Protein chains: 4
Amino acid sequence: MGKKRGQKYDKIIDAAVKVIAENGYHHSQVSKIAKEAGVADGTIYLYFKNKEDILISLFEEKMGVFVDYIKGKILDATSIEDKLYILIHMHLSQLEKDHDLALVTQLELRQSNISIRFKVNEVLKGYLGLIDSIIEEGKQEGEFDPDIDTRMMRQVIFGSIDEVVTNWVMKDHRYDLAPLAESLHKFLMKGLKAPQRMEEPR
Amino acid sequence: MGKKRGQKYDKIIDAAVKVIAENGYHHSQVSKIAKEAGVADGTIYLYFKNKEDILISLFEEKMGVFVDYIKGKILDATSIEDKLYILIHMHLSQLEKDHDLALVTQLELRQSNISIRFKVNEVLKGYLGLIDSIIEEGKQEGEFDPDIDTRMMRQVIFGSIDEVVTNWVMKDHRYDLAPLAESLHKFLMKGLKAPQRMEEPR
Amino acid sequence: MGKKRGQKYDKIIDAAVKVIAENGYHHSQVSKIAKEAGVADGTIYLYFKNKEDILISLFEEKMGVFVDYIKGKILDATSIEDKLYILIHMHLSQLEKDHDLALVTQLELRQSNISIRFKVNEVLKGYLGLIDSIIEEGKQEGEFDPDIDTRMMRQVIFGSIDEVVTNWVMKDHRYDLAPLAESLHKFLMKGLKAPQRMEEPR
Amino acid sequence: MGKKRGQKYDKIIDAAVKVIAENGYHHSQVSKIAKEAGVADGTIYLYFKNKEDILISLFEEKMGVFVDYIKGKILDATSIEDKLYILIHMHLSQLEKDHDLALVTQLELRQSNISIRFKVNEVLKGYLGLIDSIIEEGKQEGEFDPDIDTRMMRQVIFGSIDEVVTNWVMKDHRYDLAPLAESLHKFLMKGLKAPQRMEEPR
DNA sequence: TATGAATGAGATTTCATTCAT
DNA sequence: AATGAATGAAATCTCATTCAT
């Protein structure tokens with residue numbers, strides 16, 4: 001992990017996740033992150049441009065792994081239906097596996113500057129593009145309603161999953177998240193499905 | 001508007017929306033809000049406990065009006081389908097009418113403390129309850145699939161709408177928002193609908 | 001009581017003593033005193049020039065009564081020894097009777113501006129003059145050592161009593177104060193007494 | 001001087017004494033002290049927890065030196081009488097040598113919170129203990145009247161010296177302070193002395 | 001590379017006092 | 001005389017970032 005060099009880079013990223021999850025965004029000073037990472041304050045600035053950069057890099061790193069992982073899994077799937085299911089299930093199960101990360105991405109990271117949010121959105125684009133490609137494929141194969149705007153579909157899919165995760169985080173991870181994939185998938189499939197060219201009379 | 005006392009209370013709330021929309025939450029000093037409202041800095045503290053309280057009250061006020069307005073409109077509707085449509089359309093059109101407010105609720109408000117977010121969630125409950133009641137009614141009338149968990153449905157509905165609005169805000173309100181109600185509604189209805197007891201035998 | 005007019009004047013003074021004793025000098029806002037006195041904030045300024053003036057007047061009022069009372073008692077005494085005893089005993093017993101007032105004069109009032117302390121000293125002069133007159137009388141009557149500077153004697157007398165009272169206040173009035181008069185008096189008398197023109201042999 | 005680290009710590013303490021003496025406690029902003037010390041405002045907080053802590057530390061430092069110095073001098077003395085004289089004389093002469101410090105300890109320090117005053121009292125205990133030990137020794141050696149309560153004696157001694165110093169400060173250091181040690185000592189000795197087992201018959 | 005002491009800008013909130021009613 | 005809503009100046013402390021070592 002870590003396209004930039006060195007074990008310290010990764011250490012700092014991981015320290016940031018932990019510190020932010022534990023203390024909340026607004027109480028996560030650079031010095032605290034440095035301490036947790038076992039480096040001097042100044043060292044942070046050898047690896048990151050500024051505090052914002054830690055956050056964005058954090059998101060980039062984690063999101064990169066996340067997207068790559070899901071992409072790999074989706075390759076195995078054959079039907080569009082399965083692909084969507086895998087996406088939803090992976091999204092939920094990946095975050096369920098790492099409470100700290102979930103807390104940071106769903107709640108804490110959103111407390112940052114608008115400018116960070118725009119950059120985070122930039123990073124998200126890889127993932128949103130993945131969703132788009134599934135939708136487009138579904139449309140082309142006649143599985144999904146071609147009349148629904150792809151962007152709208154994607155917003156619904158992402159917005160739904162995101163809201164489900166956020167609710168889970170705000171309820172303190174008190175229930176199992178991944179199992180919700182099934183009914184969420186069922187719902188979204190039904191909504192997305194192309195109108196039944198039913199009664200196709202022969 | 002304004003269940004608490006006086007014209008100054010409302011003036012400050014409105015000034016806060018404007019200032020926060022223009023400058024972003026983190027650059028919206030109390031003194032700036034006071035100036036915009038045409039009152040002294042200290043006057044703010046006669047009406048609000050602290051800066052946080054301005055934010056929460058702002059949300060309470062605006063959300064209260066918002067929910068009441070939608071509730072009223074929904075009463076007129078007869079079918080569940082219409083009720084859901086009205087909710088979605090109102091949600092979108094209300095926020096489309098007030099760019100500043102949309103900016104504040106979709107982006108700026110979420111930059112605040114977790115503690116504020118929980119209070120905001122508290123306020124949101126009225127609205128989420130409204131969604132729940134539509135879902136329940138739909139289930140009872142056999143319109144919606146009784147197998148889908150109400151909470152899940154609500155998260156999908158709210159999450160979808162919210163994501164659509166946020167995208168619109170982040171795209172700088174560059175397209176019309178309300179018209180999206182139609183396809184969003186269509187999608188959600190399809191997803192929610194009870195399985196067709198098809199093949200109705202003659 | 002109250003050389004200035006009106007019951008409100010007295011009410012405010014008494015409220016100030018109570019509020020300061022209860023909340024400490026730095027947490028005794030004018031508005032709190034006004035509330036305790038049952039008047040509006042603005043009313044305070046009809047009777048007192050400013051907050052400082054409340055404090056000084058408070059001290060004047062209470063000190064005036066205090067000094068007059070002691071002066072009266074001392075008139076009854078015949079010997080210098082008795083006069084000093086009465087002064088010490090009255091000083092201690094008067095303050096013991098009013099814990100709030102003791103707290104205010106010994107601790108809280110000293111937290112104020114230097115300028116107030118100078119004015120308080122001005123007010124104290126009446127009392128210090130009383131001590132001086134006892135000393136002078138004692139010297140003239142050959143009771144006290146004429147070689148000791150009167151001002152020094154007065155400082156010792158006042159400083160001793162004051163320190164004893166302050167210690168009692170800081171120890172939360174946990175022991176009886178007035179009984180200490182005896183040994184304090186004994187000590188001071190011994191120190192003040194003129195050198196024994198002992199055994200002057202005939 | 002300075003049990004805590006470094007030259008900056010001492011610089012800040014000394015700057016605080018000067019600034020407070022010149023401007024009074026309530027007009028001694030942290031930034032003023034920082035400027036006088038030649039450091040940045042923030043640097044203050046690397047050495048002191050908060051503004052209060054500067055005051056307490058200041059008193060601790062100066063008082064520590066003061067007490068150690070007096071203790072050392074007293075060791076040289078043989079008689080109790082001399083010890084008391086040295087204590088009084090050192091107390092007066094030490095403060096006379098540093099007008100700023102005297103102003104701060106006698107007047108400004110007492111304007112602070114009650115909480116500070118309690119901490120100041122804590123620091124004073126070392127000095128008061130020293131007085132106590134002289135008294136106890138005097139009692140044991142039959143020099144001082146064993147019937148007088150040690151605490152009372154100590155309050156008289158400390159209260160007298162303190163009052164003498166405070167008067168000198170409030171009179172703007174317009175006369176020499178140390179010379180007063182003699183008559184103060186004479187007075188206190190007389191008051192403390194054990195009753196003369198006079199008339200020793202031949 | 002790494003350190004960590006030092007920097008200094010910046011904002012919330014309090015509260016004595018005023019003055020229109 | 002009395003009110004109390006409104007004023008607005010003023011100061012502590014935090015923390016991201018730098019730079020000499």
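Below, chain A is the first sequence line, B the second, and so on; all start at residue 1. Note that this is a predicted model, so its numbers are computed, not measured.
- When each of dT18(E), dA16(F), dA2(E) is scored by its nearest atom to the side-chain atoms of Y47(A), the top-ranked nucleotide is dA2(E).
- A heavy-atom distance below 4.0 Å to DNA chain F is reached by these residues of residues 21-36 of chain A, ordered by number: Q29(A), V30(A).
- More than 12 heavy atoms of other residues, nucleotides or ligands shown are found within 6.0 angstrom of NZ on K51(B).
- Under the 4.5 Å side-chain criterion, counting only non-hydrogen atoms from C-beta, K8(B) is not in contact with L46(B).
- The minimum heavy-atom distance linking V120(C) with F59(C) is given by the pair CG1-CE2, 3.4 Å.
- With K62(C) as the partner, the salt bridge (charged side-chain N to carboxylate O under 4.0 Å, His left out) test is satisfied by one option alone out of D14(C), D10(C), D98(C): D14(C).
- In this structure, D53(D) places its CG atom 14 Å from C1' of dT12(F), rounding to the nearest Å.
- Atom-to-atom, CZ of F48(C) to C1' of dA2(F) comes out at 15 Å; the value is rounded to the nearest Å.
- To the nearest angstrom, P of dA11(F) lies 17 Å from CD of E52(D).
- As a whole-Å value, the separation of Y9(C) OH from dA1(F) P is 15 Å.
- Y25(B) is listed as a side-chain neighbour of L55(B), based on a closest heavy-atom distance under 4.5 Å.
- Within residues 108-116 of chain A, no residue places a heavy atom under 4.0 Å from DNA chain F.
- Atom pair I54(C):CD1 and dA16(E):P shows a separation of 9 Å (rounding to whole Å applied).
- The separation between Y45(D) atom OH and dC15(F) atom P is 13 Å, rounded to whole Å.
- Closest of all the heavy-atom pairs between A15(C) and E36(C) is CB-CG, 3.5 Å.
- Ring pair Y9(B)/Y47(B) is tilted by interplanar angle, where 30° to 60° counts as tilted.
- Residue V39(A) is the one, among G42(B) and V39(A), whose nearest nucleotide of DNA chain E lies closer to the 5' end (criterion: closest heavy atom).
- Side chains of I56(C) and E60(C) form a contact here, defined as non-hydrogen atoms less than 4.5 Å apart.
- Side-chain proximity of K51(C) to the nucleotides dA6(F), dA16(E), dA5(E) is greatest for dA16(E).
- Taking the side chain of D41(C) as heavy atoms from C-beta on, and the options dT3(F), dG4(F), dA5(E), the nearest nucleotide is dG4(F).
- Remark: H99(A) NE2 is packed, more than 12 non-hydrogen atoms of other residues, nucleotides or ligands lying under 6.0 Å away.
- Stem analysis of DNA chain E (Watson-Crick or G-U pairs, both distances under 3.5 Å, runs of at least three) returns E:2-21 with F:2-21.
- Note on K8(C): every side-chain N or O is 4.0 Å or more away from OP1 and OP2 of dA1(F).
- Each of G38(C) and K49(D) lies near DNA chain F, and the nucleotide nearest G38(C) is the one positioned closer to the 5' end.
- Regarding I12(D), its CD1 atom lies at a distance of 12 Å from the C1' atom of dA5(E), rounded to whole Å.
- Under the 3.5 Å distance criterion, the side-chain polar atoms of R110(D) are left unmatched by any main-chain donor or acceptor of Q111(C).
- A salt bridge links E122(B) to K125(B): one of the charged nitrogens lies within less than 4.0 Å of a carboxylate oxygen.
- For T43(B), the side-chain atoms get nearest to dT7(F) when compared with the rest of dT12(E), dT7(F), dA9(E).
- Remark: side-chain polar atoms of K32(C) are paired, donor with acceptor, to backbone N or O of H27(C) under 3.5 angstrom.
- As rounded to whole Å, 18 Å separates atom P of dC19(F) from atom CD1 of I44(A).
- For L46(C), the side-chain atoms get nearest to dA1(F) when compared with the rest of dC13(F), dA1(F), dA5(E).
- Nearest nucleotide to the side chain of A40(D), out of dT17(E), dT7(E), dA2(E): dT7(E).
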